[in-house]
Amino acid sequence: MNRRLALAVLPLLLAVAGCTSGTADDAPAPRPAAAERPSPFRDCTALSTAPAATSPGSGSSTATATPASPSTSGTTPPAGGSALPELTLSCFTGGAPVVLREVAGPAVINVWASWCPPCRKELPAFQRLSERTAGQLQVVGVNSRDSRSGAQSIGEDFGVRFPMLVDQGEALQRELKRNAIPLTLFVAADGQVRHIDATGALDDAKLAKLVRQHLGLAVPA
């Protein structure tokens with residue numbers, strides 16, 4: 001009787017053991033990942049290089065943005081400010097990580113996410129700013145606490161092409177002690193953050209005003 005009972009229980013014990021201690025060879029082969037769509041964003045390799053018109057020894061530039069004079073801007077860019085946080089962020093397109101403090105100014109850095117309605121509303125204005133100030137100003141995105149597919153779709157749908165960093169842990173917001181997004185940093189040529197804007201969605205006119213006021217560049221309409 002005991003022999004028959006042992007023979008009956010043995011298959012059950014072997015089945016349980018197979019579920020908890022099977023080798024990798026016993027596991028089903030993983031399905032091949034779907035091919036990723038090409039990134040809509042530019043790569044980040046040039047972020048540590050100052051815009052051509054502000055680089056030492058640069059010659060003439062074809063960029064449309066120009067340094068704002070007192071007669072056209074009505075203001076002088078404020079001195080001082082603080083340096084960008086000492087953070088290293090990955091680039092959406094891959095490649096070497098980017099040391100945020102090494103992003104060369106003047107630059108406008110926009111923190112956003114695809115699930116944030118004001119972020120989606122203002123992104124086209126940042127793309128237009130990038131195009132209008134090419135060679136004089138760097139426009140950089142920081143995608144925060146978002147899915148790759150969500151950011152990818154927004155870039156494709158809204159035609160966003162400027163370089164994109166990724167900050168899934170909200171490290172930049174924590175360093176700046178800011179919780180809400182969108183968040184926009186205005187970084188001068190000397191690397192100092194002259195202004196942080198958290199007023200909500202920015203349009204073309206407001207962006208041009210802030211760039212002129214804090215960075216001393218006139219942006220054409």
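What you see is a predicted model, and the numbers here were worked out from it, not measured in a lab.
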Which atom pairs, donor and acceptor, lie under 3.5 Å between side-chain atoms of residues 168-183 and protein residues at least two apart or in another chain?
from, atom 1, to, atom 2, distance (Å)
Gln168, OE1, Arg145, N, 3.1
Gln168, OE1, Asp146, N, 2.8
Gln168, NE2, Asp146, O, 2.4
Glu170, OE2, Arg145, NE, 2.9
Gln173, OE1, Ser144, OG, 2.6
Gln173, NE2, Asn179, O, 3.0
Arg174, NH1, Gly169, O, 2.3

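Smallest separation of non-hydrogen atoms from Gly105 and Ala50: O-CB, 4.2 Å. The nearest pair of heavy atoms linking Cys44 to Val98 is CB-CG2, 3.7 Å. In terms of heavy atoms, Ala151 sits closest to Phe92 at CB-CE1, 3.8 Å. Counting all heavy atoms, side chain and backbone alike, Arg194 lies closest to Ala188 at CZ-CB, 3.5 Å. Of all non-hydrogen atoms in Ser48 and Thr45, the two that sit nearest each other are OG-O, 4.4 Å.
Put simply, the side chain of Leu185 does not reach to within 4.5 Å of the side chain of Val108, judged on heavy atoms. Pro106 is listed as a side-chain neighbour of Pro51, based on a closest heavy-atom distance under 4.5 Å. Side-chain atoms of Ile154 and Arg120, non-hydrogen and from C-beta on, do get closer than 4.5 Å to each other. At least one side-chain heavy atom of Gln138 sits under 4.5 Å from a side-chain heavy atom of Leu47. Here the side chains of Leu217 and Gln136 are in contact, with some heavy-atom distance below 4.5 Å. Taking the side chain as every heavy atom from C-beta outward, Val166 and Leu89 never approach each other to under 4.5 Å. Between Asp167 and Val111 there is no side-chain heavy-atom pair separated by less than 4.5 Å. Within the 4.5 Å cutoff, the side chain of Leu84 has heavy atoms near those of the Ile109 side chain.
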- [ ] Evaluate the criterion side chain to side chain donor-acceptor pair (under 3.5 Å) for residue pair Thr93 and Asp43; output intermediate values, then yes/no.
- [x] CA-CA 6 Å; Thr93 60; Asp43 63 49; 5.7 Å; no
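Sorted by first and then second residue, the pairs that involve residues 152-163 and meet salt bridge (Lys or Arg N to Asp or Glu O under 4.0 Å), not counting sequence neighbours, are Arg37-Glu156. Applying the disulfide bond (SG atoms under 2.5 Å apart) definition to pairs two or more places apart or across chains, those involving residues 97-127 are Cys116-Cys119. Pairs passing the disulfide bond (SG atoms under 2.5 Å apart) check and including a residue from residues 188-221, sequence neighbours excluded, do not occur. Pairs of residues two or more places apart, or lying in two chains, that qualify as salt bridge (Lys or Arg N to Asp or Glu O under 4.0 Å) and include a residue from residues 93-110 are Glu86-Arg101. Pairs engaging residues 139-195 under the ring pair (Phe, Tyr, Trp, His ring centres under 6.0 Å) rule: Phe186-His195, His195-His214 [sequence neighbours left out].
To the nearest 0.5 angstrom, Glu122 atom CD is 11.0 Å from Asp204 atom CG. The distance from atom CH2 of Trp115 to atom OG of Ser147, rounded to the nearest 0.5 Å, is 11.0 Å. Atom CG of residue Leu210 and atom CG of residue Asp197 lie 5.5 Å apart, to the nearest 0.5 angstrom. Atom CG of Asn110 and atom CG of Leu123 lie 6.0 Å apart (nearest 0.5 Å). Between Leu165 atom CG and Asn143 atom CG the span is 10.0 Å, to the nearest 0.5 Å.
Within the 3.5 Å criterion, the main-chain N or O of Phe126 finds no donor-acceptor partner in the side chain of Ser130.
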